[in-house]
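Only heavy atoms go into these numbers, but all of them, side chains included; no hydrogens, no water, no symmetry mates.
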2 protein chains.
Amino acid sequence: MVVDQLSETELDRLFQALADATRRDIVRRVTIGEYSVSGLAALYAMSFAAVQKHVAVLERASLITKEKRGREQIVRGNHDGLQKARQLLDEYEAIWRQRVERIADILAEK
Amino acid sequence: MVVDQLSETELDRLFQALADATRRDIVRRVTIGEYSVSGLAALYAMSFAAVQKHVAVLERASLITKEKRGREQIVRGNHDGLQKARQLLDEYEAIWRQRVERIADILAEK
DNA sequence: ATATCCTACAACCAAATGGTTGTAGATCAG
DNA sequence: CTGATCTACAACCATTTGGTTGTAGGATAT
């Protein structure tokens, strides 16, 4: 498995994008189905422009993609972004397991 | 498996905390070994107080714990925090897989 | 053609972030 | 006791963030 390099700024953007409840909700919704930007905007108690900004943040973080369809902009979930975030947490998990094993080894040496 | 409720603000703090390269580095390091706050501060090109703030952010996000030992404060990785972040991404992953299956079903129906 | 809908983007504002310096309280070493 | 070390925290500053309103342009429907 080829693990493409996760740049620090890419990770910054990823986790930053996930650090907002509205944006996490958008990610969930557009993974399940298709939404236009205004379709999303209708769901939240904030202005269209505010939702538009959230979508832009998610797009920059590669968590969603936009595709023009007529006068609408269709928002869809992007699996790659999620994978990259998961990848980092998996690495941390691996480090943790190594540590646990090492401690187990030390205890076993006794 | 009991999945304890992930509050939105808890997730905000978690991902927010992970959205900074210095803090991610701290998480890695204190998972591998023990560091005092000043021990950590020595590693980065910023003031002690700045590192102290980063540690506070990580502590609030339950990604690390601090324990007083003499005049030092020992920082350690907290597995629970990481688990919770992973848990959310796993849920998103599950949603994604469901969607892929559903599409496969639709194609199969033809 | 005109009015409506969807989007983009600028300008603005309050609050949060990430950094700084400075002060002060504990703890340890000599 | 004195001095050095480690930590906590306040005050300050520049930048970013998350929201707003307003303006303008492209696509659609009547």
Counting side-chain heavy atoms from CB outward, which of [options] is closest to [X]?
X       : options               : value
B/Arg23 : C/dA8, D/dT20, C/dG18 : C/dG18
B/Gln73 : C/dT20, D/dT7, C/dT7  : D/dT7
B/Asp20 : C/dG18, C/dT20, C/dT7 : C/dG18
B/Ser36 : C/dT4, D/dG18, D/dT7  : D/dT7
B/Glu72 : C/dT20, C/dT17, D/dT7 : D/dT7
A/Gln52 : D/dA4, C/dA8, D/dG19  : C/dA8
B/Lys53 : C/dT20, C/dG19, D/dC6 : C/dG19
B/Lys66 : C/dT21, C/dT7, D/dA8  : D/dA8

Identify whether the distance between the nearest side-chain nitrogen and carboxylate oxygen of [X] and [Y] falls below 4.0 Å.
X        : Y        : value
B/Arg60  : B/Glu10  : no
A/Asp80  : A/Lys84  : no
A/Arg102 : A/Asp105 : no
B/Glu93  : B/Arg86  : no
A/Arg24  : B/Glu8   : yes

Inset, instruction - Compare side-chain N and O positions of B/His54 against OP1 and OP2 of C/dG19 and report whether any pair is under 4.0 Å apart. - result: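 Yes, within the criterion.
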Legend entry - C/dT20 phosphate, OP1 or OP2, under 4.0 Å from B/Ser47 side-chain N/O: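 Yes, B/Ser47 has a side-chain N/O under 4.0 Å of OP1/OP2 on C/dT20.
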Just how far, in rounded Å, is [atom2] of [N] from [atom1] of [X]?
X       : N      : atom1 : atom2 : answer
B/Asp12 : C/dA16 : CG    : P     : 13 Å
A/Phe15 : C/dG18 : CZ    : P     : 15 Å
B/Met46 : C/dG18 : CE    : C1'   : 9 Å
B/Tyr44 : C/dT20 : OH    : P     : 14 Å
B/Arg71 : C/dT27 : CZ    : P     : 11 Å
A/Arg60 : D/dG18 : CZ    : P     : 12 Å
A/Glu59 : C/dT7  : CD    : P     : 13 Å
B/Phe48 : D/dT5  : CZ    : C1'   : 10 Å

Describe the nucleic acid contact of [X] in one word from base, sugar-phosphate, nothing, applying a heavy-atom distance below 4.0 Å.
X       : result
A/Arg69 : nothing
B/Ser38 : sugar-phosphate
A/Thr22 : nothing

Legend entry - B/Arg99 side-chain N/O to A/Ile32 backbone N/O, donor-acceptor pair under 3.5 Å: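 It does not hold such a pair.
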Inset, instruction - Name the residue closer to the 5' end of DNA chain D, choosing between A/Ala49 and A/Lys68 according to the nucleotide with the nearest heavy atom. - result: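 Residue closer to the 5' terminus by nearest nucleotide: A/Ala49.
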